[in-house]
Structures are given as structure tokens and as C-alpha cells.
Amino acid sequence: MIFLAFRHIFARPKQSLLTLLGVSLGTTAFITFAAIMTGFQTFIIDQLVNNDAYVKISAKEKMVSEKDLNESLFKEKNHVFWLTSPSGRQESAKINYPLGWFHKLDKDTRVLAYSPLIGAMVLYIKGGISLSGKLQGVDPVNQAKVTNIASYMVQGDYQSLAGGGNRIIIGIGLATKLGAKLKDTILISVGKSDPIPFKLSGIYKTGIVNLDDTVGYAHLRDVQSALSRPSEITDIAIRLTAVEDSQAFAAEYSEFTDEKVQSWDQSNASILSVFSLQDFIRTFITVAIMIVASFGIYNILNILVNQKRKDIGILRSFGYDPSEIQNLFMIQGLFLGISGGLIGLVLGFVMSLYLSTLKISGMTDNMRINFSPKLYLMGIGMAIAASVISSYLPARSAGKLNPIDIVRSGE
Amino acid sequence: MIKVDNVKKSFGEPPIEILHGITFEIPDKSFVSITGKSGSGKSTLLYSMSTLDHPTSGSVYFDGVEISSMNEKEVHEFRNLKMGFIFQFHYLLPELSALENVLMPARRTGQHIARRKRAVDLLTEFGIEEKLDRLPRQLSGGEQQRVAIARSLIQEPKYIFADEPTGNLDSANGEIVMNWLKKATRDSNTTVIYVTHDPDFAALADQKILLKDGRLEI
């Protein structure tokens, strides 16, 4: 039946080409959409995982309440009435008894490394320019084990932080906006005292504008000193041996502490929920496109079956059985589906190559495009599935045609 | 030998009986005409005998084997290997050349390469040797019908069923077609059963089956 199926296809070049085009465009759209979205998601997840800890223990922000003040100030009084209730957060959140945490983490075999941190919102000042941002005080050696920050350096040396001495590394966006070069002095205002000078010893580039434009790193001791909070830390960043363990690890540690213990995916739940929405939209669009392409095949084959009733009758009179007649049309649908799918894969690949040369806002590098073979297998799988489903009904109806009805009708 | 035993055929709801218990036998190598007025049940009888249609009741035997006792697969094989069909309209597949059309029945069993010489010989015998690669639309009505006859003969069938094979041809081409069918009976072990309106062509038959209102008229 392959012989006759191909004759049918090539006897109607326009119809066949249009159907082929429908499937090709469907597959191209799927590959392109999926390549952009999953590429972007992978990039973001990669950045989230590698630029931050797998699990972070953070000091819980405590709010001032009437009860707290009553207990500490008016213990002997039975009834205290406030004209204006006390409100706001307690001055500075900190992790209580960090050494206890370090001891526990040292013994946990799932922990690859951990790094104490202190973070604060600051003003970066250089010349007449002042920009708000975040300053992270880190233990440089351990921080390099927990995140990939050291590998993102584009100027200077990450290790320069190790000696302390008010050295700082900042993101490339922040450096550009401040007009800062290596060895320049940047003043950092923490709000309580005069601005403190830090020497710029390195510039990093993660590719995420939000980080590159706002965050600086200095030695833990220097930041503690600048904030007048000696020995205090606000976070402990932890890297595990396996990223998949993050959530379970965080859940386990949360059970016995008041501090906030969050895995990377919990910390970024809002971003990940956007990804879920993106996945849903991508699936929806892809299914819609493939349904349209399927209708193309279905319509063409349906028309063909009606046009070929006479041929079906004569083939049946030669002894061709219903399954062979069904195959005649299934082969055509499958051929159009598979070849259209393959063309779609090539077009999708070409589109992806082109897109990978483009830049989009929010990322300093080119667009991340997913070239995973799995994506291409899914693309061709969908094209085949669409062609099988859409060919089956017309092919089955062709197989069911009764030869005598066709011959008698004298069509 | 073909044996038709009390074959009845009804259509519609409520059923209208078209054939009223037809019984006859056809020996091998016969040239048999089925004649009768329009609506007498000629084509219905032909198709009921030929496995394309099923009698409402009664039996048809080929060499003692009742058709209704065969399963679907056996019927299709029997049709492919033992039967040839010719219709009033040639029913050639429009995408295939004359030669490819002739070889279509043999293609089912993968015999199309082995049978190619026979196909060329048949088309040569029918005067179409120069037009083997032409599509049906590039052939005249008479040539198309000759291709259809060659196609019915390609598997060297034991039985050929022809429903008004000359109905769409002029008298000259009609005569040529009938002579070839007769020749098939004479030269090979083939039984030809044909429906015709034309008394001259009916007269060529060894055995004449005359139907009147769905009954056999002796």
C-alpha cells in the first residue's frame, strides 16, 4: 500500500504541501516556544541555585508587640493601657547562637559547605552618585564553596576579600552606574554613622541584572564592623551534596528552630510558580497548534477518502481487505505527519540558533535556548501522535466502506 | 464449477425481494451471459455470486466450497487469486499508468514483478503496447476498458465477473472486448460470467441465464 499511498500524496502536490506546512509550522512553533521557555527557566534556576545557597537559615524578623514591652517594662503592673500601641520590627534580626548551628552543620553528612552571612541594605556612594543596594558580609573561603560567585569575576580577584581590610567586590551593573574602577574607593552608608570607605577589589557578572546592579560582597568582619554588629550574623548559606535534598533538608531543620530555614525553591516560590504558569501556557499553545495541524491532516484525508471511494471499491474487488485500505490512508497521514515533523525540527533548530544570538532585557548575556534532544524527541513525538490520531478516523471510515455500495452507486 | 442454490436477495426496510430463489450451476470454462430487463436483478445476481455482496439466503459454491463458510481472510484471498472483475465503468486508478493498473491485483501478494511480463503481453495483445506508461486520462474509453480487462486477467483467475463490460463502449470496441473475454475462456481455464443488455453479445454465451422479475426464466 506504500506504493499507492505515495502516488496519492504526489498526485496532489498542493494539498500535500499545505498539510506538510501545517505540521511543520506546528512543530517549529513547539520547538521554538519550548526552547525559549525551558532555556530561560533552566538559566534562571541555574542562577538561583548557584548564586545562592541550596538552603538558607535566616534570622526571623521579630515585631515589637504590646506583650513584649509589658513583660519587660511593667512586670509588676496588672493592667497597662497604651494610647498608641508599639509597632515595627525589632532593631536587628540575628541568628541566635550561630556556633550551635555550625556545630550541627559540621556533623551533617549531607552538608558540603556552609557560610555565615550578614546582610544589610546600604547606599553605595561614589562622587556625586549614590545608589541603594545590598551589602553582603561573607566568609570569602566558605562563600566560594557555597555559591559560584568566584567564577563570575570579570575584573579583580575574589580572593582579595579574604584578608579583609574593607575590600569589596560589586556587580558589573553597579560598578558601571557608579563609574567605579578597580582600586577606587566607594563609600558605603549604613544609615547610622558616617559613610565608610571600601576599596573596590573586584567586579563580578552573573548575568542577572537584579544581582549585578545592586549587590556587593565584603568580608564578614568588615560588614559586621560597619553595621556595628560584631559577631552577629543574619544568615547561614548551606550547600548540600545533592540539590534534590534541599527541600527535605529545610523541612527537617525547620522542625526544631524558630529561625527561618528555606530551600532555594521555597525562597523563590514566586518565580517557580511563574514557571508553572509558563509551562501551562506553553502546553496549551502547543496543543492548540497541533490540533490545528491535526485538523489539516484530518480534512485532507477525509476529502481524499471521499474522492477515492471508487478506487477503494475497485481495490476491494481485487481482494484488498479493510485493514489494507485503512493502511493506505494511515500511511499518507503518517508520512505527512512525520516528514512535516522532521522539517519542523530543522526549522525549529534554525530558529533556536537565531534566537540564541539575541539579547533580552533582564539578562546581560544572550538568550538561553534549550537545545536538549529531549525537546526534539517530544516535538517529533507530538507530530507523530497528531498525525496518527487525525489519520485514524478517515482511514477507518475508508476501511469500512462496502465495495458493493460503491460499485452499485456507479460513482 | 459454480453452484447457485436457492439464492434470495432482499433490500430495504421493509425488505423488498429482488431475487426469488435462484438455482443453477455453471461448469468450468463456461462463457455465461446474464440477461434480462432493467430491474430484473441481473447485477444483483452477479454480485451475490461473486462474493462482493452476500445473498439474503441461499448458498453459492465454488468447486463445492460454500462462500459463506470461508472467513474474511479466505474470501479476500479467493477474490484476489481466483476472481477477476470488470465493471461497466473501467474504474482504473487515476494516479497509476496502464501497466501499473494491470499489476495492482498482483501487487497485493508481491507478485507484481513476477507478473510484469504477463501484464506487458496482455496489454500488447490488447493493442496498448505503445501506451504502457500512460495514465488512464491519456487513454480512450475503449483503451481504458481493455486495460481493465487485462487487469482482471493478470492473476490468471478461474472466474471473471463482468457487469455490462461493453455498456460504456461503442459497438466496435464492445465487440473487441467480448471477443477477448471469449478468448480468455477458450485459451485458459477461465469461466466468464457477464451481464449484458445486448442480445448479440448475450448470444455469444455457452450458457444463457435469463432473469425476469428476479426469477430464472427457462
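To find a chain, count down the sequence lines: A is the first, B the second, and so on, and within it residues start at 1.
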Is any side-chain heavy atom of [Y] closer than 4.5 Å to one of [X]?
X: A:K308; Y: B:P94; value: yes
X: B:L93; Y: A:L315; value: yes
X: A:I314; Y: B:F87; value: yes
X: B:D53; Y: A:P403; value: no
X: A:R7; Y: B:L96; value: yes

Is it true that, when you exclude [X] itself, more than 12 heavy atoms of the residues, nucleotides or ligands shown sit nearer than 6.0 Å to its [atom1]?
X: A:F371; atom1: CZ; result: yes
X: B:F11; atom1: CZ; result: yes
X: B:K29; atom1: NZ; result: yes
X: A:N402; atom1: CG; result: yes
X: A:I285; atom1: CD1; result: yes
X: A:R396; atom1: CZ; result: no

query: Looking only at heavy atoms, which of residues 104-123 of chain B get nearer than 4.5 Å to chain A?
result: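 So the qualifying residues are B:M104, B:P105, B:R107, B:R108.
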
- request: In sequence, state the C-alpha distance, the side-chain angles, and the governing distance for B:H54 and A:I404, and then conclude on side-chain contact (heavy atoms from CB on, under 4.5 Å).
  value: CA-CA 10 Å; B:H54 307 286; A:I404 193 63; over 6 Å; no

- request: Output all residues satisfying ring-ring contact (aromatic ring centres under 6.0 Å, His included) with A:F33, sequence neighbours left out; order by chain, then residue number.
  value: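 With sequence neighbours excluded, A:F33 shows a ring-ring contact (aromatic ring centres under 6.0 Å, His included) to no residue whatsoever.
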
- request: Can you sort out the partners of B:Y194 under ring-ring contact (aromatic ring centres under 6.0 Å, His included), two or more places apart, ordered by chain and number?
  value: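 Result, ring-ring contact (aromatic ring centres under 6.0 Å, His included) vs B:Y194: B:F31.
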
- prompt: Counting a contact as any heavy-atom pair under 4.5 Å apart, which residues of residues 377-389 of chain A contact chain B?
  reply: none

message: At a 4.5 Å cut-off on heavy atoms, which part of B:S50 comes close to chain A: side chain, backbone, both, or neither?
response: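 Neither part; nothing is under 4.5 Å.
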
- prompt: When heavy-atom pairs shorter than 4.5 Å are enumerated against chain A, which of B:M83, B:Q155, B:H76, B:E77 gives the highest number?
  reply: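 Top count of heavy-atom pairs under 4.5 Å with chain A: B:H76.
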
- request: Check for a donor-acceptor pair, side chain of B:R79 on one end and backbone N or O of A:Y320 on the other, with a separation under 3.5 Å.
  value: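 No.
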
message: Return the CD to CG distance between B:E95 and A:L4, rounded to the nearest 0.5 Å.
response: 6.5 Å

- request: Test A:S317 against B:Y91 for side-chain contact (heavy atoms from CB on, under 4.5 Å), laying out the working first.
  value: CA-CA 11 Å; A:S317 76; B:Y91 283 160; over 6 Å; no

query: So which part of A:F3 gets closer than 4.5 Å to some heavy atom of chain B, the side chain, the backbone, both or neither?
result: side chain

